[in-house]
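Everything on this sheet refers to the single structure shown next.
Chain letters run A, B, ... following the sequence lines, proteins first and then strands; every chain starts at 1.
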Amino acid sequence: MNYPTIYALADCNHFYVSCERAFNPSLENKPVAVLSNNDGCVVALSPELKRLGVTRGTPWFKIKHLIKEHDIKIFSSNYTLYADMSFRVMTILERFTPDLELYSIDEAFLNFSGLNEPDFNRYGSTIRSVVRKYTGIPVSVGIAPTKTLAKLANRIAKKNGSGVFCIDNEQVRRKVLQRTGVDHIWGIGSRYAAKLRKRGIDNALQLSLVDDDKIARDMTIVGVRMVNELRGIPCSEESCSRLQDSDDIAWKKKASSFNTSYRDEPRKSIVSSKSFGRPVSKYRELQEALYCYCDTALKKLRDQGSVAKRITVYLTTNPFRNEPQYANYREAVLPGYSAYPPDFTEPAVKMLKSIYRKGFRYKKIGVMINDIILQEEAPIDIFDTAYIDDQRSDIMDCVDKINSRWGKGTVHFAGLGIKRRWEMRRQHLSPKYTTSWKELLVVKA
DNA sequence: TCTGGGGTCCTAGGACCC
DNA sequence: TCTGGGGTCCTAGGACCC
């Protein structure tokens, strides 16, 4: 392969469905759907269900009538199971490259640049069969000189049935671009796609021939990077740094004029919110949920070793219902950086009280944590002890340790409540096969 | 007829992803 | 009865400062 950089994108096929199938073989060859939180809409579906004309995002009550007729199997999202299966898949992928970048729960980029491998098609097939053998999950592998092209290659790999596709020369690259409609390019959503089609740009090849200035005007620098990736010029940050040790001047020059950030850095904002399983009107229950979401968000904050200073609270009624609507939010800035729940819940409750209006049926409440920095970067404040130096962080270390040893929620702050009548609906949940002793798969002798 | 210019910080909003 | 949740990045425009 004659490119200075080479990436593979390994993407699990209909991942959530595959996780369910891995423990329940009777689901093979059947139409299967996995639903979003609250069993709201379809987020993952098997090819058999796709063939019935169902698409991702369809509200599930709209396909309910098909269930009996076609024997559709329905599952609520079982994130505990999916996260654990994801971990297993990623651990195996790590064997095939010194440089693995997790991109989402079901896909990862493998950097193959500089790898001494004569046959990438064969290498891709090996990856597929090893992952399948050890986890039961089918993956597709797309290989190309840039991440954006690897995405396109992956799409072809999924379609052509072999599960592997490699863009390894200019002729193939052009052919692929020509056959890819603009709405199937990574980074182009429905808005941009419509705009481009209006201008007579229908496929990726046409787009790759438009000059940078025009692209920049419509799609900002983000679009320019994406189009260059289509041309085979890598524009992601580590691709750029990798190019520095390469000799290819032309690529280096081009790539250095862009830079983007795909990385494993701490989050810059953390959101915790969920729709309620049923409408909630009572202030008391909203407050209980608020405490709970604060708790989740701050746990994430501590897990990444960060502290934060800003919290937003918002609530809203259900816009799909024909009834009085209300939505509002408030934001508070803390006196200092912290990761201690009471520092956040106190202003959060005040804000909730100020935006709460009686008489509405609320659908959703949420918190957002912003202004996040690493603990060690927190400025020293002469009027206030830093979170990291005082008892608050010791308390939280202790709480986090107990909960990770004895299970989530073993110790918690009093506001969380115990009734949880607002909790989400999950009527079709499968067992936590791999993470709970009580729910292990039982094999009959 | 004329109204300084440039830097920085903040926020809202628009686009995208899985 | 019933329409997900959690993220990212970029830009424009206003406020403020010197």
Please work out if [X] contacts a base, only the sugar-phosphate, or nothing of the nucleic acid, heavy-atom cut-off 4.0 Å.
X      : value
A:I188 : sugar-phosphate
A:F276 : nothing
A:S77  : nothing
A:S272 : sugar-phosphate
A:K300 : sugar-phosphate
A:S190 : sugar-phosphate
A:R56  : base
A:I105 : nothing

Do A:S162 and A:N160 pass the side-chain hydrogen bond (donor to acceptor under 3.5 Å, both in side chains) test, and can you show the C-alpha distance, the side-chain angles, and the key distance before you say yes or no? CA-CA 6 Å; A:S162 74; A:N160 74 9; 3.0 Å; yes

For C:dC16 and B:dG4, measure between their C1' atoms and round to the nearest Å. 15 Å

Taking atom CZ as the centre, does A:F87 end up with more than 12 heavy-atom neighbours from other residues, nucleotides or ligands that are less than 6.0 angstrom away? no

In terms of the nearest nucleotide of DNA chain C, which residue is placed more toward the 5' end: A:V271 or A:D39? A:D39

Taking for each residue the nucleotide of DNA chain C with the nearest heavy atom, is it A:C41 or A:K64 whose nucleotide lies nearer the 5' end? A:K64

Salt-bridge contact A:D84-A:K432 (side-chain N to carboxylate O under 4.0 Å): no

Nucleotide nearest A:D106 (side chain, heavy atoms from C-beta), chosen from B:dC18, C:dT11, C:dT8: B:dC18

From C:dC9, C:dG4, B:dA15, pick the nucleotide closest to the side chain of A:Y192? B:dA15

Would you say the ring centers of A:Y7 and A:F112 fall short of 6.0 Å from each other? no

Dot-bracket notation for DNA chain B, counting Watson-Crick and G-U pairs under 3.5 Å, with | for partners on another strand: ....||||||||||||||

